Participant: 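Dropping the structure in here first, questions after.
Every value quoted in this text rests on a predicted model; they were computed, and no experiment measured them. All values below were derived from every heavy atom in this structure, side-chain atoms included, with hydrogens, water molecules and symmetry-related copies excluded. Lettering follows sequence order; numbering is per chain, from 1.
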Amino acid sequence: MDLTLKVWRQASSETEGEFKTYPASNVSPDASFLEMLDEVNEHLNEIGEEPIAFDSDCREGICGTCGLMINGYPHGPQDGTATCQLHMRKFNDGDSITIEPWRATAFPVLRDLIVDRSPFDEIIQAGGYISVNTGAAQDANNLPVPKEAADASMDAAACIGCAACVAACPNSAANLFTAAKMQQLNLLPQGNPERYSRAVAMVETMEQYFGSCTNHGECEKACPKNISIDFIGMMNRDYVKAQFKFTARDAQNKGK
Amino acid sequence: MTTTERRPNVHRRQRWEDWLGGFFSSSVGLKWLMAITGIGLLLYVLAHMIGNLKMFQGAYEGGEYAIDLYGEALRSLGGDLVPHESILWIFRIGLILAFVIHIGASAALTKRNWDARGTDRYEAQRHYAAANYASRTMRWGGIIILLFLLYHLADLTFGWANPDFVYGAIYDNVVASLSRPPVAILYLVAQVALAFHIYHGGWSLFQSLGFVNPRYNVWRRYFAIGFAALIFIGNTAIILAVWTGAVA
């Protein structure tokens, strides 16, 4: 396959970026999208040009490091996969492919196609954990968990934090990420004691960086793990209910 | 990895937001407010449509129009127990508050969303997979509905836009207005905008309020479609009936 790539090039977050066009020739239809970029980079190395910088790690769709806007689709036109799981056979010989970084105020471009996703870390630091020391693994079934809760929690836990939800959202909202990271804990007995404190802390940290949800559902379609926007509804419910609970924030403000 | 200097937060809390408390300054809280006021406005639109259907009832034997008596009944709610029109004004104030909160919250959220999105746009055409026409036109649709509402008040409540306006003669006023084709077309356009707005809002409100359960999730969409269709059919029936002369 011979393709034409239109790639966003930007030397650093301080400099202006621009689109550059590169030919990609003799691309194997069995190559993954990232392997195709690797080959283009080898060619760029040979001719002495700076290779295209992009994030990748596991290359099997479980780490959430890669993430490109490909022809206007987050992670490309294939449903339920990350960029690394997209194969070139999904494209046609002679195609022109536009490759862009995620766009959001919260995600400044570091270089070319790499963006700084550290606001996601801050959301996790705000409440995406449980404080109790759970000790060594208990015997199975010591702690009863309803099957439905375990399943739903597992669905939320599939989130790999790639930020395709933010990239897809017309409002650059991070509600799907935040909801998944919150509900995977809130649905289980281990996470339940801090449920409402977590809801307040994670939502309010999220809102410092990201837009608000207008319930388009674009994030759900873009998600490589097909995480449902039902979790956003559950997060909204927890945040509303938290207003009537004594949360960690209220404990801090006591006496002020 | 190089660390970039973090840009200022998209959303800095303003003083009024601290006064209103954390919940009502949060985006999730503002969406909750929009859902609650949205429900109030949906109930109003439904009651308004049902009341308007009295246009089809025409005149009683005494020669008085059913809808004129209905209007008088609204003004004299509470009978002699309370001053004339007082109960109606309580409803009107509630309605105005619902509008102000609904529009104010959406304006604040829109500002935040634009800030969060920044100025860098995607080069390639975005392919919307889930967002529909209704969900993407909520802001402009809402503005169209607001502008229509102002005209509608000037037309049939205050009578400024209606040269044949007679206070209390609702039936004649409606017929006089809607017999003019430009006005009838304006009313029809507004009904289309309203139907789209309800199609998304009637579903979205459940999500904002946190009413999520696989058991009834599918009914949220049915509710939105049903409600939008009910309002659209009821209101356009009146407009078309008057325009075509079936009700005159």
Participant: Is the side chain of B:R112 donor-acceptor paired with the backbone N or O of A:G211 at a distance under 3.5 Å, no angle test?
Facilitator: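 It does not hold such a pair.
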
Participant: Side chain, backbone, both or neither: which part of A:K6 has an atom under 4.5 Å from a heavy atom of chain B?
Facilitator: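 The side chain, not the backbone.
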
Participant: Could you measure the distance from the CH2 atom of B:W32 to the CZ atom of A:R237? Nearest 0.5 Å is fine.
Facilitator: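 Answer for the CH2-CZ pair, B:W32 versus A:R237, is 15.0 Å.
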
Participant: Side chain, backbone, both or neither: which part of B:N217 has an atom under 4.5 Å from a heavy atom of chain A?
Facilitator: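 Only the side chain of B:N217 comes within 4.5 Å of chain A.
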
Participant: Heavy-atom distance under 4.5 Å to chain B: side chain of A:I99, backbone, both or neither?
Facilitator: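 Neither; nothing under 4.5 Å.
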
Participant: Examine distances only and state if a side-chain atom of A:T98 and a backbone atom of B:A124 form a donor-acceptor pair shorter than 3.5 Å.
Facilitator: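 Not confirmed, A:T98 side chain does not pair with B:A124 backbone.
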
Participant: Measure the shortest side-chain to side-chain distance between B:S25 and A:E204 over non-hydrogen atoms and say whether it is less than 4.5 angstrom.
Facilitator: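 Answer no - side chains too far apart.
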
Participant: Between A:A167, A:P77, A:A173, who has the most heavy-atom pairs with chain B when the cutoff is under 4.5 Å?
Facilitator: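 If we count pairs closer than 4.5 Å to chain B, A:A167 comes out on top.
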
Participant: Please check if the number of heavy atoms outside B:F196 that lie under 6.0 Å from its CZ is greater than 12.
Facilitator: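 It does not: B:F196 CZ has 12 such atoms or fewer within range.
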
Participant: Any non-hydrogen side-chain atom of B:N113 less than 4.5 Å from a side-chain atom of A:T214?
Facilitator: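 Side-chain contact under 4.5 Å: yes.
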
Participant: Need one label for A:V203: side chain, backbone, both or neither, based on atoms under 4.5 Å from any heavy atom in chain B.
Facilitator: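 Side chain only.
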
Participant: If only atom types and distance count, is the side chain of A:N236 paired as donor or acceptor with the main-chain N or O of B:G210 below 3.5 Å?
Facilitator: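 Checked: no pair found.
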
Participant: Quick one: does B:S135's side chain get under 4.5 Å of A:H216's, heavy atoms only?
Facilitator: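 They are in side-chain contact.
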
Participant: Can you tell me if CZ on A:F19 sees more than 12 non-hydrogen neighbours from other groups inside 6.0 Å?
Facilitator: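 Yes.
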
Participant: Checking the side chain of A:T105 only, and the main-chain atoms of B:A116 only, is there a donor and an acceptor separated by less than 3.5 Å?
Facilitator: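 Judged by distance alone, yes, a pair lies under 3.5 Å.
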
Participant: Give a yes or no on whether the backbone of B:A131 and the side-chain of A:E218 come within a donor-acceptor separation of less than 3.5 Å.
Facilitator: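 Looks like yes, one N/O pair under 3.5 Å.
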
Participant: With a 4.5 Å cut-off on heavy-atom pairs, point out which of A:S12, A:G17, A:G72, A:A168 contacts chain B the most.
Facilitator: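 Of A:S12, A:G17, A:G72, A:A168, A:G72 has the most heavy-atom pairs under 4.5 Å with chain B.
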
Participant: For the candidates B:E123, B:H200, B:Q125, which exhibits the highest count of non-hydrogen atom pairs separated by less than 4.5 Å from chain A?
Facilitator: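 The answer is B:E123.
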
Participant: Tell me if a side-chain donor or acceptor on A:E207 pairs with a main-chain N or O of B:S26 at a distance below 3.5 Å.
Facilitator: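 A pair under 3.5 Å: no.
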
Participant: How about CZ on B:F158, more than 12 heavy atoms from neighbouring residues, nucleotides or ligands closer than 6.0 Å, or not?
Facilitator: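 Enclosed.
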
Participant: Evaluate the side chain to side chain contact (heavy atoms under 4.5 Å, CB included) criterion for residues A:Y239 and B:F23: first the C-alpha distance (whole Å), next the side-chain angles of each, then the deciding distance (0.1 Å), finally the verdict.
Facilitator: CA-CA 9 Å; A:Y239 185 71; B:F23 180 68; 3.5 Å; yes

Participant: Is a donor on one side and an acceptor on the other found under 3.5 Å between the side chain of B:R117 and the backbone of A:P170?
Facilitator: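 Between the backbone of A:P170 and the side chain of B:R117 there is a qualifying donor-acceptor contact (under 3.5 Å).
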
Participant: Considering only heavy atoms, which portion of A:A242 lies under 4.5 Å from any heavy atom of chain B: side chain, backbone, both, or neither?
Facilitator: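 For A:A242, there is no contact with chain B at all, as no heavy atom is under 4.5 Å.
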
Participant: Does B:F91 have more than 12 heavy atoms from other residues, nucleotides or ligands lying within 6.0 Å of its CZ?
Facilitator: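 It does not: B:F91 CZ has 12 such atoms or fewer within range.
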
Participant: Within a radius of less than 6.0 Å around NZ of A:K221, do more than 12 heavy atoms belonging to other residues, nucleotides or ligands occur?
Facilitator: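 For A:K221, atom NZ is not crowded (no more than 12 foreign heavy atoms under 6.0 Å).
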
Participant: Among the options B:S106, B:S27, B:G118, B:A134, pick out the one with the most heavy-atom pairs lying under 4.5 Å from chain A.
Facilitator: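 Result: the option with the highest number of such pairs is B:S27.
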
Participant: Look at the side chain of B:Y122 and the backbone N and O of A:R103, then say whether any donor-acceptor pair between them is shorter than 3.5 Å.
Facilitator: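 Yes, the answer is positive, given that a donor and an acceptor are paired below the 3.5 Å cut-off.
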
Participant: Given a strict heavy-atom distance threshold of 4.5 Å, which part of A:C219 is in contact with chain B: side chain, backbone, both, or neither?
Facilitator: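 A:C219 has no heavy atom closer than 4.5 Å to chain B.
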
Participant: Check whether any side-chain N or O of B:D120 sits under 3.5 Å from a backbone N or O of A:A104 as a donor-acceptor pair, and report yes or no.
Facilitator: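 Not confirmed, B:D120 side chain does not pair with A:A104 backbone.
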
Participant: Distance from B:F211 atom CZ to A:M234 atom CE, nearest 0.5 Å?
Facilitator: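 Rounded to the nearest 0.5 Å, the CZ-CE separation comes out at 14.5 Å.
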
Participant: Below 4.5 Å from any heavy atom of chain A, which atoms of B:R121 appear? Answer side chain, backbone, both or neither.
Facilitator: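 The backbone, not the side chain.
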
Participant: Would you mind reporting whether A:F231 and B:V212 have side-chain heavy atoms less than 4.5 Å apart?
Facilitator: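 No. Closest side-chain heavy atoms not under 4.5 Å.
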
Participant: Give the C-alpha distance, both sets of side-chain angles, the deciding distance and a yes or no for side chain to side chain contact (heavy atoms under 4.5 Å, CB included) between B:L30 and A:S212.
Facilitator: CA-CA 9 Å; B:L30 287 175; A:S212 72; over 6 Å; no

Participant: Measure A:N71 against the heavy atoms of chain B and call it side chain, backbone, both or neither at under 4.5 Å.
Facilitator: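 Contact with chain B involves the backbone of A:N71 alone.
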
Participant: I need the minimum non-hydrogen distance between B:Q207 and A:N215, along with the two atoms involved.
Facilitator: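 So the minimum-distance heavy-atom pair works out to CG-OD1, 3.2 Å.
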
